[in-house]
Amino acid sequence: MYQDVIIAGFGGQGVMLIGNLLAYAGMEAGSEVTYIPVYGPEMRGGTANCTVVISSEDIGSPIIQSPKSLIIMNQPSLDKFQPKLVDGGIQILNSSLVDAAKAEDRVTTYTVPANEIADKLGNTRMANMVALGAYVQATGCVPLEQVKDSLKSVISERYSHLIPKNAEAIQAGADHVAEQMK
Amino acid sequence: MYQDVIIAGFGGQGVMLIGNLLAYAGMEAGSEVTYIPVYGPEMRGGTANCTVVISSEDIGSPIIQSPKSLIIMNQPSLDKFQPKLVDGGIQILNSSLVDAAKAEDRVTTYTVPANEIADKLGNTRMANMVALGAYVQATGCVPLEQVKDSLKSVISERYSHLIPKNAEAIQAGADHVAEQMK
Amino acid sequence: MARVEFREERCKGCMLCSTVCPKQIICQSSRFNKQGYKVAEVKEEDMENCTGCTSCALICPDLVIKVYREEKKEK
Amino acid sequence: MARVEFREERCKGCMLCSTVCPKQIICQSSRFNKQGYKVAEVKEEDMENCTGCTSCALICPDLVIKVYREEKKEK
Amino acid sequence: MSEKKRIFIKGNEAISRGALAAGCTCYFGYPITPQNDIPEFLSTEMAAVNNGEFVQAESEVAAANMLLGAAAGGARAMTTSSSPGVSLMQEAISYMAGSELPGVIVNVNRGGPGLGDIGSSQGDYFQSTRGGGHGDYRTLVLAPGTCQEGYDMMIEAFDLAFKYRNPVLVLADAIVGQMKEPVTPWEPKAADNHGAEDWCIDGAKGREKRLLKSLFLEDGALAGQNRNLQSKYEAMQAEARADVFECDDAELVVVAFGSIGRIVKSTVRRLRSEGKKVGLVRPLTLYPFPSEVLRDLAKQGKRFLTIEQNCGQMVDDVRLSVRGIADSEFHGHMPGDLPGSDDFLAPIIKHLED
Amino acid sequence: MSEKKRIFIKGNEAISRGALAAGCTCYFGYPITPQNDIPEFLSTEMAAVNNGEFVQAESEVAAANMLLGAAAGGARAMTTSSSPGVSLMQEAISYMAGSELPGVIVNVNRGGPGLGDIGSSQGDYFQSTRGGGHGDYRTLVLAPGTCQEGYDMMIEAFDLAFKYRNPVLVLADAIVGQMKEPVTPWEPKAADNHGAEDWCIDGAKGREKRLLKSLFLEDGALAGQNRNLQSKYEAMQAEARADVFECDDAELVVVAFGSIGRIVKSTVRRLRSEGKKVGLVRPLTLYPFPSEVLRDLAKQGKRFLTIEQNCGQMVDDVRLSVRGIADSEFHGHMPGDLPGSDDFLAPIIKHLED
Amino acid sequence: MSEKLVFDAPEIMIDRPTHYCPGCHHGVAHRLVGEVLTEMGLVDDTLCVGSIGCSVFIYNYLDVDAVEAPHGRAPAVATGLKRAHKDKFVFTYQGDGDLASIGLAEIVHAANRGEKISVVFVNNTVYGMTGGQMAPTTLVGQKATTCPDGRCAEEHGQAIRMSEIIGGLGGTAYCERVSLDSVKNIRRAKKALRKAFEMQVNGTGFGFVEMLSACPTNWKMDPIAANTRIKEEMIPYFPLGVFKDVTKDGEE
Amino acid sequence: MSEKLVFDAPEIMIDRPTHYCPGCHHGVAHRLVGEVLTEMGLVDDTLCVGSIGCSVFIYNYLDVDAVEAPHGRAPAVATGLKRAHKDKFVFTYQGDGDLASIGLAEIVHAANRGEKISVVFVNNTVYGMTGGQMAPTTLVGQKATTCPDGRCAEEHGQAIRMSEIIGGLGGTAYCERVSLDSVKNIRRAKKALRKAFEMQVNGTGFGFVEMLSACPTNWKMDPIAANTRIKEEMIPYFPLGVFKDVTKDGEE
Ligand SMILES: Cc1ncc(C[n+]2csc(CCOP(=O)(O)OP(=O)(O)O)c2C)c(N)n1
Ligand SMILES: Cc1ncc(C[n+]2csc(CCOP(=O)(O)OP(=O)(O)O)c2C)c(N)n1
Ligand code: SF4
Ligand code: SF4
Ligand code: SF4
Ligand code: SF4
C-alpha cells in the first residue's frame, strides 16, 4: 500500500491539523508515514500546505512533486496543485470555496461543501475535518474509525471536548463522498 | 655570495637593531636580504634573537636551522646556538658576558669584549654595534662603510645624534677583530 | 467638514483606528479584502461627524487611511 | 621589632615597595637576579626601623616580600 | 519510555528527545529557524526530564562558549542552531577541539550563503567536515536522514563526544527537522562518560589541579598537541558508517547523505522497479567519511554519482575515497528548491546510461 | 612612491602599503598577533596617505561587518586578522559572498586549533578555500610567500574583489607577516572599480533605489542566486596562478604554498645542486586552485609530493587536480614548529627515491 | 467644496500591503521614518541598514537604498557604510532581539564611538520573526515560547533597558524612549526621530530612538489588547523620556 | 625571640616567578584573588575561567582547576561551567580589551541573567598582551599604538565605564570599582572581592569587581609613574565605589 497527498488551503483552515491527523492515524494503523509542512514567513497571511505519505514500506521521499491525491480547501490551492496531480489521481475539493467547474477530467474529483456541512454541524471551523472524512472515504488509505480514534492524540487537552463534534464532521464528510461514490 | 647569521642576546641588548642594520646594509649594497625576528610573549624578559640572510640570489628560506655564522651577545645564547653552527662556521662572541672558553674548536671564533669597548666609547648600550662591526670585519659579507652609512636609516630621527658614536663603535669592533685576524 | 478614505486592500482589520476616533465612528465591516481581512469602515451616515483629526490615520499601522479636510477659506 | 625578607629571585625591581614604606628603608640594590632585574633590598642597618606594617608586601606585585613581627607576649 | 511504542513527532523533537535520552543535562542555544522547536521543547523538558539546565544564550557565539564551559565541567551538553548561527560558533568549536572538550552541536542546515532562506540545504558540508574554524581539527559529523536517526544519532553523538573528547556535529537539515515521522524512543544504557571524571574540572579537592586549554607556547608543545589530535582523528576512522542499499549488482552507485539520501532512495526504488541497476550509499557519518565502503565498491568496478543539495561538496570526499580506481560524477540540487524523488530520475538515468 | 627604489620592511607593512597603493580607503580591524603591525601602521597612514578611514572595531565580528557596510557603499575596504579572529568573521564573509560584495580580508595565519600559538601555520587552508562559513560560496584566495608578494597581491586582491564582486582572502602567515625584506613599492594605474557605481548604495538620487541582500525567499530565487554564484566561480578559474620552478625535467614535483613554498625552494635548490631532479609548484592563488598546471605536469608523468605546515589540507586539492592521472604524497610540518629548509630535505629525498 | 488631503502616506512609502501581522507596530514605525526622511529632504541621500527580524523586509516598503545586515550587526554595517559615505544619511532599523541580544556589543560600541548614524530600535519585548521566543527585553512574567511559564527573574534575569545604557555612553548625542501605543505618543515618537536624525545631519553624533511596540501575534493578544499592554505593562518598566540630549547638556 | 610571619604568599599561589612586566598589577590582583579564596576556604571548590590577555597564564600561578576561554567569552564559558557545577565556585578573570570590547555582550548578559558567578575585571586602559593598542577604556588623550597621537573623543569616542553599566543591570548583585595603586586601595579591593565572592557562595547573584590597574610597559612609564597615573588620571574618570549592592538596596 502506498498513498501520498498534498493538503492545501488558507492559513487558518486547519490543513496542518488534518495532515497530522491523517498521518497519525496511518501510523496507528501500522503503516509507515511521513508528514511535512510548508512553514516560515511565506506562510504569514498566505496559504498553507502539507504533504502526507502513508506506505506499508519504508518511506524514501517525504516530499512529493507529483502527488497521487489532493485535499483542496480553497481556490488558490486548486490553481497551484491540480496541475501537479498525477493522471488518474484523486482530489477532494471543498466546493464551499472552490469552483468545482475547474476540476480537470484527467483526474477523479470528489466535491464536498465542507464549510456548509461543518456549519450545519455547528462550527465552520470543522470544514477541515469534513474534507478529511471525505478523503479517507474516497481513498480508503486508512480506516475511518482509526482517524476518529486518533483525534484525541492530535487535539490538545484544552479542546478535547470538541472531539465528538470533530468525529461527527469526519463522518459527515465520509458520508457525503460515499453518496457520490455510489 | 651567500651568508646567513643568527644574532642572539638578552632582550635589551639591541640584537634586533643590529640585525636590521646588517640586513639594511646588505640591501643597500645590492644584495637580496631577509630578516626575521623571534617575537611574542616568549620574548618578555627572556632572550631575543633574529636571523639575517644576505645573498646575491633570491632567498628561499628566511629561517635557518644550521647557520653559517653567529653573533652571540650573552651566555645562554651561546649554549643555545653554538651547537647549531655549521662546522667551520664563524662566530662572534661578546666576551664581556660570554665565557670564551666554551667556544668549540670545529668553528672559527672571534671574541670581542663588546661591553667594555662600548663602555670606553661612552655607552655600554653600543655593545651591539661593536659586535656587529666585529662580525662584518670577520665575514666581509657587506662593506663596513655601507653598514655605517645605513645607520641613519635604522636609527630613528630622535636618536640621530647618536649616529656618529655608533659608527665609531662599529669601527672599534671591526678593528678589534682585524687585530685577531692578523 | 472632513472625511476619511480607506484603502481597503491594505487594511488588516486590527481596529486600532476605532479606538482612537474621538467620534467613535469607525467600525468593522463584514467585507473581506483579498488578503482575507475584515476591513474597517466609517458608515456613510457617520462620515459627517468626522473632524479630520487624523488620529485614526496616525495609529493605523498599514497606511490605510487618507484624511481630507475642507479648506478653511483663510489666507 | 619586625623585619622583611625578600625572595630576590622573584623581584623585578619595580620599586613600588619603596614608595609605600613609611620608614623609607627600601632601596634598589646593585645586584641582578637571574631574571636580570636589580632587586630591592633593606640595608642591614636600616632593618631595625621596619615596623612590620606590611605595606611593601601588599603593594608588591610579585610576592617577593615576607614580613615578620616579633610576637607580642599578649594572650 | 522503554516500551517499544512509536510516537509521531517532528525531527526537531526527535533530536531533542534523543538528547534527553542520552542524558544531556545542559542546553544552550539561540533562536533560529528551522530549529526553534528544539529550544522550545527543551526549555521545559530539560528540567522536567533530566533535571538539567536550559539557557537561552544572547547569541550563538555565547551559546557555543557556554557549551565549552559545561563541557570543561564534564557535563553532557549541547547547542543547536542553523547555518548562519553555526558560522558564528566556529571559533569556539576550534577551541573545543584544541582543548579536547566533548560537546554536541546540531546544525539544522538551511539555505545559504548569507541569510539565504529557511528551506533545506546541504550547503554546510564543507564547514562541518573540514572544520570551518581555524587550525587543523576535525569534528565527528553524523548525518540523520530520518526522524528516528535524529533520535538515535543524538545518543550516538554524546557517546562519541566523550569517547574521543571531541566536539560532535549532527548535520541535519530543514527537511529532517521539520518533517514528522513515527519514532520509537529508547533508553540507552547508563551514559558512559569514558572517564570524564579524570580530566574534567570540578574542584581540585584531593588531587592535582587540572587545566583545560588550547594555548601551547613552549617549544614544540603545539606541534605535540597537533600530533596528538591527528592520531585521535586516525582512531576515529573506525567509526565510519554508511547505509548501503541495493549495491550488490549495481552498475551505478549513487552517493547521497541525509534527507537527500532518503529521497534518492525513493528514486532508486523506482528505477529498480524498472529493472535499472542502481544502488545507493548513504553515508551516516560524514567525518569520518566511509571511504572504505566506497573503495570496496570501486574495486568491484562500480561507477559513482554523487548527489547533494548543494553545489558540490561531499563529491570531493567521494572522489578522494575512490581515487586511483574510479571517479564520481556530480549532480547538485540547488538550495532554495525543495527536492523530491522525481528530481533525481533524469540525472541518475543520464549517468547510468553514460 | 613611483620610482623603483627598494625599501626594507616587514611583510605586515608591505601588506599595509600594498593596500594603500591599491586605493584602499577604509580599514576595520581588531588587534591580534601576529598582524598588529598592520592596524598600527594604518592607524595613521590611512588618513595621511589616502585620506581614508581607520576604525579599530570592537571585535572581529564587528570588523567584518563594517567591511560589509563599506563594501556595500562601493568603497575599497579591508580588514585584517589572524586565525581565531578570522573564524569569527565567517558569518559576515558568507553574507558578503551571498550579497556579492567586494572586500579584502587578510589572514596572517597563526598556529591552531584554538588559541594555539602565535607562530606560523598554514592550518587555515580549508577555512580559506572551502568557505568556512555556511552555504555554497567561495572567496578568491591569494597566498603571498614574500614581502613583495604581500605588497603586490594586495593590489591584485582589490582588483579581483571588484572584478568579481566577491570577498578576496589574502592568506599570509606569521613568517610572511613578521619577516623583513626589500620591497619595491609601485603605484598601480588608477583603481578600476569595475562599475561599482552601478550597484553600490550611495543614495537613490535620480535613479531606482538599490538593494544589497542575501535573503532570497521567493520560489526559486535562492536557487537562482546560487546558480549565478556558481557561474561566477566558474569564471574565476581563469585567475589561477602558480610559480613553477625547475619542473621541466623533474621526476618529483613538490607542491607547497606561501612561506613554506619559498622555504621549500631553498631545499629544491640545494637538491638540484646535488643533481636531484626535483621541481616546485608554488600555487599563488589557492582558490581558484591552479589545477591545470598540475594536471599538465601529471600528464608528463611527474610524481607529486605536497608539503604544508599543517596536517594535510591543500593535498586534497592536489589530489583532486591530478586524479585519474596521478596522486600526491603528503608531508606535513606541524604548526608550532618553525620550519627551515633543512626540514624538508629528508621527506623530499625519501619520496624522490620511493 | 475645496478639499485638502491632510493625511496620506509619504511618497517614500512603496505602495504595497505589508507582510506584517494585523496591529503590528512595525508599520507605524516605518511610516514615521518615512515621514521624517521626507520632511527633512533626505530621501535621496538615505542609506538604510536593515536587520534580521520581522522588519528584514523594510526595503520592500521604503523607497531608499538599502543593505541587509547580518543579525545584530547593523550598527557595525552602518559604521562601515557611513565611513565610506560621510555625506549620506545612514540609519539602522533593529528589533530588540537583534539589538539587545546578539548585537549588544555592536550597538554599544557604535554609540560609544559616537558614530554619526541614527538607530531606530523597535522594542516589542519578543523575537517576532522566529516565533515568539524570549528576548532580553521580555518582561518578567511575560510568556514566550522559550519561557512558557513566563519569564522568571531568578532564572532569566530582568528585562534589559537599552535607552538607559545607550544614554549613559559618551558618544551618544541623542537618546530617547518613545511608544507607539497612542496618537500622542506617536506624535512624540516622530519628534524624537527628527531630533535624532538632525543630530546626524548636523554632525553632532549618534542618535538612538527606542520605540515601545506591539507584537500582537507573539503576545497572543488582539491588537487592541496589545496596545493596552504597552501602556499598562511596558511603559511602567520602560519609562518614556529623553535619556541624553547633548544639545541640552546639564538641563535635565 | 619568637617571630611571627605576618605576611606571606597564600599557599594557593604557585611558587614561580610570573611572566608579568615589572610593576604590572596583574600580580597584585592574582594575589588578592588567592588570598580571598584561601580565607573563604574555597580553594578546592574553585573553577577559574581564564581569558585571553596578559593574564592568560593565571593558571600557572593559582593552584586551582582552570579552563581557558576564547577572547572575551569568559562569562559565557563561566555560565556553562556554573550550570554544570552549581555547587562550585566559578570566577572569571578578564582584561579590559577582553571584557569591555570583544566580550561586551557576554559580560552584560551574564550579569543581566544574574548568573551566579564572580568577575574580576582588570582595567589597565590598554591591550597589554598584543602590544599596547587602544582599548575601549583608553582615556581620551592617552597614547596607544593604534592611536599614537592619543585617543580623540571625536574620532574614537570616550572611555567606556563598565562598572556603571554592570551596576545598572537587574541581575547584578554586587558591583564595585576599586584600584590597585595604593596600600589603602588594595585593602579595599580585597574587601570588594570578598563581598562579590560571598554573593556567589550565598547564591545571591552576579558579582563584579573592576580593578584599576597599571600596565607600565604599554603606558611607557616606569612602575612608580604608572601608579601615580592611576591616581591622577584614572580615578578621576573612573570613580571608585560601590555601584550596586543588593544586600544594601536603597541605602546608597
Ligand atoms: C546569526 C543568526 N541567528 C539567529 C537568526 C534567526 N533570527 C532571525 S530574526 C531573529 C530575531 C527577531 O527578533 P527581533 O530582533 O526582536 O525582531 P522582531 O522580529 O521582533 O521584529 C532571529 C533570532 C539569524 N537570522 N541569524
Ligand atoms: C578572537 C581573538 N581576537 C584577538 C585576539 C588577540 N588578543 C589576545 S589578548 C588581547 C587583548 C588583551 O588586552 P586586555 O584584555 O586588556 O588584557 P591585558 O593584556 O591588558 O591584561 C587580544 C586582542 C585573540 N586571542 N582572539
Ligand atoms: S488601523 Fe488601519 S489596518 Fe487597522 S483596522 Fe484601522 S484601517 Fe485597518
Ligand atoms: S615591589 Fe616587589 S618586585 Fe617591586 S621592587 Fe619591591 S620587592 Fe621587587
Ligand atoms: S510577529 Fe510580531 S513583530 Fe512580526 S509582523 Fe507579526 S506582530 Fe509584527
Ligand atoms: S604588558 Fe602590561 S598588562 Fe601585560 S604584563 Fe606587561 S605591564 Fe602587565
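Not measured: the values here are computed from a predicted model. Excluded from the calculations below are hydrogen atoms, water molecules and symmetry mates; all remaining heavy atoms, backbone and side chain alike, are included. A, B, ... follow the sequence lines: proteins, then strands. Residue 1 opens every chain.
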In Å and rounded to the nearest 0.5 Å, what is the [atom1] to [atom2] distance from [X] to [Y]?
X	Y	atom1	atom2	answer
T46(H)	K209(E)	OG1	NZ	12.5 Å
E53(E)	K86(H)	CD	NZ	3.5 Å
D87(H)	D202(E)	CG	CG	9.0 Å
R83(H)	F28(E)	CZ	CZ	7.5 Å
H85(H)	I201(E)	NE2	CD1	7.5 Å
L68(E)	E68(H)	CG	CD	9.5 Å

Quiz item: Between N112(H), L81(H), V90(H), V49(H), which has the largest tally of heavy atom pairs under 4.5 Å with chain E?
Solution: L81(H)

Practice problem: Sort out for me which of V108(H), I52(H), D65(H), V77(H) touches chain E most, counting heavy-atom pairs under 4.5 Å. | Solution: D65(H)

Quiz item: Most heavy-atom pairs under 4.5 angstrom with chain H, which of A204(E), A75(E), G73(E), C200(E)?
Solution: A204(E)

Which region of [X], side chain (C-beta onward) or backbone (N, CA, C, O), has a non-hydrogen atom less than 4.5 Å from a non-hydrogen atom of chain E, or is it both or neither?
X	result
V67(H)	both
L42(H)	neither
A66(H)	both
V56(H)	side chain
I14(H)	side chain
K82(H)	neither

So does [X] have more than 12 non-hydrogen atoms from other groups sitting under 6.0 Å from [atom1]?
X	atom1	value
E197(E)	CD	yes
D219(E)	CG	no
E39(H)	CD	yes

Quick one: what part of [X] sits under 4.5 Å from any heavy atom of chain H, side chain, backbone, both or neither?
X	value
A77(E)	neither
S59(E)	side chain
F54(E)	backbone
R76(E)	neither
L215(E)	both

Quiz item: Can you name the nearest heavy-atom pair linking E106(H) to E58(E), along with the distance?
Solution: CA-OE2, 3.2 Å

Practice problem: For residues N65(E) and P70(H), report the shortest heavy-atom separation together with the two atoms involved. | Solution: OD1-CG, 3.1 Å

Practice problem: May I ask you to decide if G203(E)'s main-chain N or O and D45(H)'s side chain share a donor-acceptor pair within less than 3.5 Å? | Solution: no

Quiz item: Does K205(E) use its side chain to pair, donor to acceptor, with the backbone of D44(H) at less than 3.5 Å?
Solution: no

